[in-house]
Trainee: 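My questions all concern the structure below.
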Amino acid sequence: MRWELGRRHRLGIALSGGGARGFAHIRVLRVLVEAGWRPAVVTGTSAGGIVGGLFAAGLSPEAIEALARRIHWRMFMRLDPDGTALVSTRGLARLLREAVGDVRIEELPIRFAAVAVDLDTGEEIWLDRGPLVEAMLATSAFPGVFPPVLWQGRRLIDGGVLNPLPVDVARGLGATFVIGVDLSGPMRSGGDRRLPEELPGPLLIRWLTRRARWSRTLEVVFGSVGIMARWITEARLARTPPDWLIRVPTGDIPVFALDQAPEILERGERAARAALAGLERAMSQPRWLRRLLPQAA
């Protein structure tokens, strides 16, 4: 059945941003692949751009999960030497380069694009050619926290500023049936948004993160961006909806909660398994009918 449907469709998967919540994308991909859904196109923003880029490069979801479990706070405990952001991403860059080397996007076995934004012009940039590692760093360059990435004379920052869930990019790359995976909400009505009290790393960074002033500042930054991402996502989904939307309930998890990776992974798996039956029905329907019916899980 899936093979026959696959002959009529070019499957695309669009993965949203979400910081540490992006761990959920790994299990979503694993469930879909195990069920026989193999995408020809993958697009991603921010954390979704990193997971999607690794997957498009040929890494299995299991290999991506093993790599993701190596991401920890110590990797981000050095100040940005250029002064353009709070912390350096050199540790993350080394990890990504270890996984995929110096491969270019146009050489990948799966068509891929990451979304970034030109800091100087405000343009949305689709990174579908060029070095993969730099593209993954650019799409996840959270403003003020991670430094912009220089790309062909441009300064690029996190694509979530304009396009948190790049469904339109997947369609632009030729996908005829797009599964969107959204991690952006809903917003929490309350609860504890504080940073962890103890973070490993150099004494200066530990001192800064313990100060109430810095903690409150980062809470405001991440909370504000979360609100922005939620509204932008809904507006863009209304204009360019996916053929099927998987929402992973991660709104109660802070975007920097690397210590909650096991819970995030489990939520991604549950959401994907719940979507499988409806996904198969939706893929067998004509597109005009899919537009009339609620297509989400």
Side-chain angles (χ1 to χ4, degrees), residues 13-32 42-55 61 64-65 67-69 71-73 76 92 114-115 136 139-140 142 145-146 158-161 163-167 179-196 218-237 241-242 244-276 278-279 295-297:
I13 297 180
L15 305 175
S16 79
R21 301 170 185 170
F23 285 115
H25 288 314
I26 303 171
R27 289 286 179 87
V28 170
L29 287 172
R30 190 178 83 175
V31 169
L32 293 176
V42 175
T43 60
T45 293
S46 198
I50 293 178
V51 174
L54 294 171
F55 182 77
I64 299 172
E65 182 171 329
L67 187 73
R69 289 182 182 274
I71 299 176
H72 47 72
W73 278 109
F76 304 105
L92 177 61
V115 178
M136 293 190 288
T139 189
S140 58
F142 193 100
V145 178
F146 298 144
D158 196 311
V161 170
N163 194 352
L165 178 54
V167 172
I179 301 171
V181 186
D182 178 30
L183 313 177
S184 61
M187 297 295 298
R188 296 191 297 176
S189 59
D192 188 2
R193 290 181 177 269
R194 294 175 298 173
L195 289 171
L218 291 178
E219 287 170 19
V220 169
V221 170
F222 284 115
S224 300
V225 172
I227 294 170
M228 177 186 71
R230 173 76 271 151
W231 281 99
I232 294 174
T233 298
E234 293 302 326
R236 296 195 71 134
L237 287 177
W244 191 261
L245 179 62
I246 300 174
R247 290 194 190 271
V248 183
T250 56
D252 60 321
I253 297 177
V255 296
F256 41 77
L258 295 174
D259 59 321
Q260 295 189 45
E263 172 65 20
I264 299 168
L265 287 162
E266 178 62 27
R267 293 190 191 188
E269 182 167 349
R270 288 200 303 265
R273 293 198 183 283
L276 287 178
L279 174 59
Q295 305 288 338

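All residue numbers refer to positions in the sequence shown, counting from 1. Basis for what follows: all heavy atoms, side chains included, without hydrogens, waters or symmetry-related copies.
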Trainee: My understanding is that only residues two or more places apart in sequence, or in another chain, count here; which of them pass side chain to side chain donor-acceptor pair (under 3.5 Å) with E266?
Mentor: none

Trainee: Identify the heavy atoms of L183 and G22 that sit nearest to each other, and give their distance.
Mentor: CD1-CA, 3.6 Å

Trainee: Would you call Q260 and P254 a side-chain contact if the rule is heavy atoms closer than 4.5 Å?
Mentor: yes

Trainee: Do R236 and V167 come within less than 4.5 Å of each other through their side chains, counting heavy atoms only?
Mentor: no

Trainee: Can you see which heavy atom on M228 is nearest to which on V161, and at what distance?
Mentor: CE-CA, 4.1 Å

Trainee: Is it the case that the side chain of T45 and the backbone of G17 share a donor-acceptor pair, with hydrogens and angles ignored and the cut-off at 3.5 Å?
Mentor: no

Trainee: Backbone N or O of L258 within a donor-acceptor pair of the H72 side chain at under 3.5 Å?
Mentor: no

Trainee: Quick one, V248 and R27 - any side-chain contact, counting heavy atoms below 4.5 Å?
Mentor: no

Trainee: Could you grab the distance from atom CZ of F23 to atom CD of E263, nearest 0.5 Å is fine?
Mentor: 13.0 Å

Trainee: Would you compute the distance between atom CD1 of I71 and atom CD1 of I50 and round it to the nearest 0.5 angstrom?
Mentor: 6.5 Å

Trainee: Heavy atoms only: give me the nearest W244-A275 pair and the separation to one decimal.
Mentor: NE1-CB, 3.7 Å

Trainee: Closest heavy-atom contact between M136 and G49?
Mentor: CG-O, 3.8 Å

Trainee: Drop me the distance from L279's CG to I179's CD1, to the nearest 0.5 angstrom.
Mentor: 4.5 Å

Trainee: Quick one: CZ on F55 to CG on L15, what's the gap to the nearest 0.5 Å?
Mentor: 9.0 Å

Trainee: Does R21 offer a backbone N or O that forms a donor-acceptor pair with the side chain of T250 under 3.5 Å?
Mentor: no

Trainee: Indicate yes or no for a side-chain donor-acceptor contact from T139 to the backbone of S46 under 3.5 Å, with no hydrogens or angles considered.
Mentor: yes

Trainee: In Å, rounded to the nearest 0.5 Å, how long is the span from CD1 of I253 to CD1 of I264?
Mentor: 4.5 Å

Trainee: Roughly how far, to the nearest 0.5 Å, is the CD1 atom of I246 from the CG atom of L32?
Mentor: 5.0 Å

Trainee: Heavy atoms only: give me the nearest G180-P242 pair and the separation to one decimal.
Mentor: N-CB, 3.8 Å

Trainee: Where do P164 and I232 come nearest, in terms of heavy atoms and distance?
Mentor: CD-CG2, 3.3 Å

Trainee: Between R247 (side chain only) and D182 (backbone N and O only), is there a donor and an acceptor less than 3.5 Å apart?
Mentor: no

